[in-house]
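Here the structure comes first, spelled out in structure tokens, and everything after it is commentary.
Within every chain, numbering begins at 1; the chains are lettered A, B, ... in the order of the sequence lines, protein sequences first and strands thereafter. Hydrogens, waters and symmetry mates are skipped; everything else that's a heavy atom, side chains included, is used. Note that the structure is a prediction, hence the values are computed from the model and not measured.
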Amino acid sequence: MADAGFPLRSFPPEIHLPRAGRAASLAGSMKFWSQFFIPTLKESPSDAEIASHKLLVRAGLVRKLGGGLYTYMPLGLRVMKKISQICREELDAAGAIELWMPHVHPVENWEQGPRWAAAREIMFRTDSAGAGKGRSKEPEFVLGPTHEEVITPLVKQEITSYRDLPKNFYQIGTKFRNEIRPRYGLMRAREFVMMDAYSFDADDETAVKSYFAMKSAYEAFFKRIGVTAIAVEADTGVMGGSFSHEFMVPAEIGDDDVIYNEESGYAANREKATSALVPADLADVAPAGPVEEFATPGVLTIAALAAAPYSVPGEQQFKTLVFIGDGKPFLVILRGNDELEEAKLGSLGFTVFRPATAEEIEPVLGAKPGSLGAVKGTIKNPAALAGVFADRAIRLTGNGTTGANKDGFHLRNVNVTRDLAITKFGDFRRVRVGEPDPKGGRPLQAKRGIEVGHIFKLGTKYSEKFGAVYTDDQKQSHPMVMGCYGIGVSRTMQAVIEQSHDADGIIWPWNVAPFQVVIVVLDPLMQESADLAKTIALAAEQAGADVLIDDRVERPGIKFKDVDLIGIPLRVTIGSKGLKEGVIELKTRRQKDMVKIPVAEAGERIAAAVREAASRA
RNA sequence: CGGGGUGUAGCUUAGUCUGGUAGAGCGCCUGGUUUGGGACCAGGAGGUCGUAGGUUCGAAUCCUAUCGCCCCGACCA
């Protein structure tokens, strides 16, 4: 068989640009499909549910090792590198400094930190009973899910003066979380790639500046990689801290609900979202009379009390929930028809909390679930309670009904201020679509989103625990004010696919495409095709594109299908049919139509197309 | 952790209810015909039916245990 002029691997050496003296870059490294490795699949793997997960596998970007564990294949790795590099550039521009920390942490760091109790569940750790395997004592290690417990002691050690602040350190690397249920490919993985950054400031004012500098860097980052991500107010969760934004990619398959109103600009994670349901100047309803007890045999639910013969509407009931926070029971009071937003209990300051069991409830309140209440004087052992926390919305309810803390009895004419033993009001209910938004009073809407980034203003939670203090110009010692910031790099790659694909495959945004130009050589054994491919590839590469040359000896259908699947933005087709007319074809992944370009102008025109695409990206 | 499903060739799967020679498509290998949107013909290789025990003359199939994976829920920096 004639190998004349091909495969393209036999390129004469002079067309390879010299490496010496060039900066390290992905650019200028054209690949030949026949020499590269892009194992595409016609069929979707049976364990993939969502489009982006199927495409990740079908396009040969990743392969699964086990649940939530993935190999990044050569093509996928190229995308990951590009996303990381853009992330790096934007963070550097914002003044952050890259470093690299171990991902294996001594467990002591975590035991000393503020969130060990809450975080240990999801952390991989060495077997503390590992002794007896040859060594009498095994040190214990955990795999880092993030690095506050490493960076804070480091900064404590290295930075002691206000002159060295502020500082913002970041790294891009592997993170480990033993997710209870990994799913959707890279969306929720056990091992994943994340950028994490940590800012240290002398005071609150500059810490806020650092925070918003990072917010801007994030916005620039997501814009550059070509993904729509919106910043929404978020719950601080286990991280703690004073405020927080999440960056969400809108997508049906997202894990989070974003509550928003387009006109007012309000946007928040449902866990954090609030509404203007309760007016600030709300006056209490006048009591209709003294509290009355009445028998409600067998009535254990809000719905049962709302039904005949009692007919007390849900919003006229007070719902009493019992939780155990750091070992002590506490109560949460909501309107009967409202749902608890459990994340909001995080603001109460407990390290860990969970719903109480029926056995735990009875000795404290004096009744079983279904007849519980918080009316003064009815609680069996009020001294045992860590507090009674009431959702503000219960103030909308006057002369309501609640459990009597006596099985089979309820109380009516219950009024919030007069009758309930409330420690503190707060926002604990889940908002509903249609309620007035807190910014402009317009109706709230909801959509699903994928969380791809998260920024927190942490305050001094970690610096105090680890003693990360500095001395100011008055010789006074203060804890540093911290912020922490994360971007899920691998998750972002999948979010891009989820947001940018069609029935044929992925449509990569220019800046993160594994290759920006693919040259489909339909007759790779023809010398003329091979020569032209070389010329065009060089021109495209010199214009700044990463070039893939499909030099495989395959039928055209297979080549076109593969190219669409892997989503390369610009496609140049060289075929004998076109060459007879003296033309090649140029087509974008996004558009169906193609333009014919005279062979003589090919290099120049392709280079122009590359420059144009790059300038638009 | 609770509920549901599933495990058969590299991939997608049929067969399991009702026990009796393990089948197909894709992919792969050989030869030929093809050649601008996942071709066709002929031939071929490839399977401890997740694993371990049990029932049976006989188990992919029935029973028990166990492991993996997927979905729903809980959970989720």
Could you tell me how far B/rA74 sits from B/rC63 if I compare only their C1' atoms? Round to whole Å.
32 Å
Quote, to the nearest angstrom, the P distance that separates B/rG23 from B/rG15.
15 Å
B/rC40 versus B/rG25 - spacing of their P atoms, nearest Å:
11 Å
Could you state the atom-to-atom distance from CG of A/L340 to C1' of B/rC75 in whole Å?
15 Å
Would you list the protein and nucleotides 66-70 of chain B atom pairs, both N or O, that sit under 3.5 Å from each other?
residue, atom, partner, partner atom, Å
B/rC69, OP1, A/G67, N, 3.0
B/rC69, O3', A/K64, NZ, 2.9

Which of these passes salt bridge (charged side-chain N to carboxylate O under 4.0 Å, His left out) with A/D257: A/R432, A/R270, A/K272?
A/R270
Less than 6.0 Å separating the ring centroids of A/F247 and A/F221?
no
Whole-Å gap separating P (B/rC71) and CE (A/M187)
13 Å
C1'-based separation of B/rG19 from B/rG58 [nearest Å]:
8 Å
Where at least one partner belongs to residues 573-586 of chain A, residue pairs that pass side-chain hydrogen bond (donor to acceptor under 3.5 Å, both in side chains), sequence neighbours excluded:
A/D523-A/S576, A/R571-A/T573
Would you indicate what A/Y485 reaches in the nucleic acid, counting non-hydrogen atoms under 4.0 angstrom: base, sugar-phosphate, or nothing?
nothing
Could you tell me the separation between the CZ atom of A/R120 and the C1' atom of B/rC76, rounded to a whole number of Å?
18 Å
Let me have a per-nucleotide readout for nucleotides 33-41 of chain B, 5' to 3', with B, S or -, counting only protein heavy atoms under 4.0 Å.
-BSBBBB--
Classify the side-chain pair A/S199/A/Y211 by whether it contains a donor and acceptor separated by less than 3.5 Å.
no
Would you confirm whether the ring centroid of A/Y198 sits within less than 6.0 angstrom of the ring centroid of A/F169?
no
In whole angstroms, how far is the P atom of B/rC76 from the CD atom of A/E191?
22 Å
Please report the distance separating the P of B/rU64 from the corresponding atom of B/rC28, rounded so that it comes out in whole Å.
43 Å
note: A/R63, atom CZ; B/rC11, atom P; distance rounded to Å ~ 10 Å
Using atom P of each nucleotide, how far apart are B/rC71 and B/rU12 to the nearest Å?
14 Å
Mind calculating the distance between CG (A/D255) and P (B/rA74) to the nearest angstrom?
11 Å
Charged N to carboxylate O below 4.0 Å: is that the case for A/E339 and A/R429?
no
Just how far, in rounded Å, is P of B/rA77 from CH2 of A/W116?
16 Å
What interatomic distance, in whole Å, is found between P of B/rU56 and the corresponding atom of B/rU13?
36 Å
Quick one: label A/E342 by what it contacts on the DNA or RNA (base, sugar-phosphate, nothing), any heavy atom closer than 4.0 Å.
sugar-phosphate
Is the shortest distance from a Lys or Arg side-chain nitrogen in A/D562 or A/R552 to a carboxylate oxygen in the other one below 4.0 Å?
yes
Charged N-O contact under 4.0 Å between A/D338 and A/R430
no
Is it the case that A/T146 and A/E148 place a side-chain donor and acceptor less than 3.5 Å from each other?
yes
C1' atoms of B/rA45 and B/rG10, separation to the nearest Å
13 Å
Ion pair A/K344/A/D427, N-O distance below 4.0 Å
yes
